[in-house]
Peer 1: 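Sharing a structure with you now.
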Amino acid sequence: TNATNCSFLGGVNFRDSSTAGSATFTNTSSPGVFFHNLSSAGNAVINSQDSLFAQVLFYDGSTAANATINNGDAAKVRFFDNATAAGARIDNIEEGELTFDESSTAANAIIVNNAGGGGTGNTQFRIFDQNLSTGGVGFFGSSTAGAASITNNAVGLLLFAETSSA
């Protein structure tokens, strides 16, 4: 299954233990792809294009499972409310945004922050008053890194704020 979200008002929502299975998504604008209420990204491939409005959000104990998430310049991947990155691979390109908050965990995910072609390669994370414009991963609230593998290429920063932990 291939799905393209090209509409400003479009979006794909998974709820109540549903799964994306092995679908491929091309996420180009707002609102994006959302996982709620123990739903799962399964083995999906989610490509968020270079857009400030392209989002992939996980809530309410949902999981990225074994998905591959390619997070383009200015796109956002966020985990909230006990959500987990599980065994997913998340690649941030240039200024992709990745945050863990509200007791979420990176679990066993593989997270790679890459510089773009010729640019500064900054991965940018913004939450509350935080603005981290050097490549890295930000953990907030009581979120945890779990046993995740985190690689920062180019300039890198690993931040644990508030009561988050490694």
Side-chain angles (χ1 to χ4, degrees), residues 1-6 10-15 17-102 104-116 121-127 132 135-140 143-154 156 158-159:
T1 302
N2 292 310
T4 301
N5 168 25
C6 296
V12 179
N13 284 279
F14 292 90
R15 297 183 181 277
S17 301
S18 61
T19 182
S22 296
T24 299
F25 297 92
T26 301
N27 184 22
T28 59
S29 65
S30 180
V33 182
F34 302 96
F35 296 88
H36 296 273
N37 309 103
L38 305 175
S39 61
S40 172
N43 293 305
V45 175
I46 303 172
N47 298 306
S48 287
Q49 303 295 323
D50 301 343
S51 170
L52 180 63
F53 302 107
Q55 303 180 83
V56 180
L57 306 179
F58 294 87
Y59 297 97
D60 313 314
S62 60
T63 177
N66 295 306
T68 298
I69 302 172
N70 298 305
N71 197 31
D73 185 16
K76 297 167 179 58
V77 176
R78 295 179 174 166
F79 292 84
F80 301 97
D81 306 319
N82 296 302
T84 176
R89 178 176 175 108
I90 302 171
D91 287 297
N92 282 319
I93 302 164
E94 292 188 18
E95 293 180 1
E97 180 179 326
L98 174 61
T99 57
F100 292 86
D101 201 354
E102 300 172 358
S104 61
T105 180
N108 295 302
I110 297 171
I111 300 167
V112 180
N113 296 301
N114 290 306
N122 290 339
T123 300
Q124 200 168 81
F125 300 88
R126 293 181 184 170
I127 187 163
L132 310 176
V137 178
F139 292 87
F140 302 90
S143 61
T144 69
S149 169
I150 301 170
T151 303
N152 288 320
N153 294 324
L158 179 58
L159 172 71

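The basis for the numbers below is simple: all heavy atoms, side chains too, and nothing from hydrogens, waters or symmetry mates. Everything numeric in this text was worked out from a predicted model, so none of it was measured.
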Peer 1: For Thr19 and Ala41, work out which heavy atoms get closest and say how close.
Peer 2: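 That closest heavy-atom pairing would be OG1-C, 4.5 Å.
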Peer 1: Between Ser104 and Asp81, is there a side-chain heavy-atom distance shorter than 4.5 Å?
Peer 2: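 No. Closest side-chain heavy atoms not under 4.5 Å.
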Peer 1: Does Phe79 form a side chain to side chain contact (heavy atoms under 4.5 Å, CB included) with Ile90? I'd like the steps, not just the answer.
Peer 2: CA-CA 12 Å; Phe79 292 84; Ile90 302 171; 4.0 Å; yes
Peer 1: Mind checking what makes side-chain hydrogen bond (donor to acceptor under 3.5 Å, both in side chains) contact with Thr84, not counting sequence neighbours?
Peer 2: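 Applying side-chain hydrogen bond (donor to acceptor under 3.5 Å, both in side chains) to Thr84 gives none.
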Peer 1: Is the Phe14 ring parallel, tilted or perpendicular to the Phe25 ring (thresholds 30°, 60°)?
Peer 2: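 The rings of Phe14 and Phe25 stand perpendicular, inter-plane angle above 60°.
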Peer 1: Testing the basics here: between Asn71 and Lys76, what is the closest heavy-atom pair and its distance to 0.1 Å?
Peer 2: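 So the two residues come closest at OD1-N, 3.5 Å.
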Peer 1: With sequence neighbours excluded, tell me which residues meet side chain to side chain contact (heavy atoms under 4.5 Å, CB included) with Ser17.
Peer 2: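 In terms of side chain to side chain contact (heavy atoms under 4.5 Å, CB included), with neighbours along the sequence ignored, Ser17 is linked to Leu38.
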Peer 1: For Asn37, give me all partners under side chain to side chain contact (heavy atoms under 4.5 Å, CB included), at least two apart in sequence or on another chain.
Peer 2: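 With sequence neighbours excluded, Asn37 shows a side chain to side chain contact (heavy atoms under 4.5 Å, CB included) to Arg15, Asp16, Asp60, given in chain and number order.
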Peer 1: Can you see which heavy atom on Asn27 is nearest to which on Ser48, and at what distance?
Peer 2: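 Closest approach of Asn27 to Ser48: ND2-OG, 3.2 Å.
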Peer 1: I'd like to check the side chain to side chain contact (heavy atoms under 4.5 Å, CB included) partners of Ala109; sequence neighbours left out, ordered by chain and number.
Peer 2: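 Counting only residues at least two positions away or on another chain, Ala109 forms a side chain to side chain contact (heavy atoms under 4.5 Å, CB included) with Ala85, Ile111.
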Peer 1: Are Asp101 and Ser143 packed together at the side-chain level, in the sense that at least one heavy-atom pair is separated by less than 4.5 angstrom?
Peer 2: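 No, too far: nothing below the 4.5 Å cut-off.
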Peer 1: In Å, rounded to the nearest 0.5 Å, how long is the span from CZ of Phe100 to CZ of Phe80?
Peer 2: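 Nearest 0.5 Å value for the CZ-CZ distance: 11.0 Å.
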Peer 1: Is the backbone N or O of Phe35 less than 3.5 Å from a side-chain atom of Ser62, with the two atoms forming a donor-acceptor pair by type?
Peer 2: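 Present.
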Peer 1: Does a side-chain heavy-atom distance below 4.5 Å link Arg89 with Val112?
Peer 2: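 Side chain of Arg89 against side chain of Val112, heavy atoms only: contact under 4.5 Å found.
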Peer 1: Would you please name every residue forming a side-chain hydrogen bond (donor to acceptor under 3.5 Å, both in side chains) with Thr144, sequence neighbours left out?
Peer 2: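 Counting only residues at least two positions away or on another chain, Thr144 forms a side-chain hydrogen bond (donor to acceptor under 3.5 Å, both in side chains) with Thr105.
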Peer 1: Restricting to non-hydrogen atoms, name the atom on Gly42 and the atom on Ala65 that form the minimum distance, rounded to 0.1 Å.
Peer 2: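 For Gly42 versus Ala65, the nearest heavy atoms are O-CB, 3.5 Å.
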Peer 1: Under the side chain to side chain contact (heavy atoms under 4.5 Å, CB included) test, which residues partner Asn70, sequence neighbours left out?
Peer 2: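 Applying side chain to side chain contact (heavy atoms under 4.5 Å, CB included) to Asn70 gives Val45, Asn47, Thr68, Asp91.
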Peer 1: Below 4.5 Å, heavy atoms only, C-beta onward: do Glu102 and Asn82 meet side chain to side chain?
Peer 2: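 They are not in side-chain contact.
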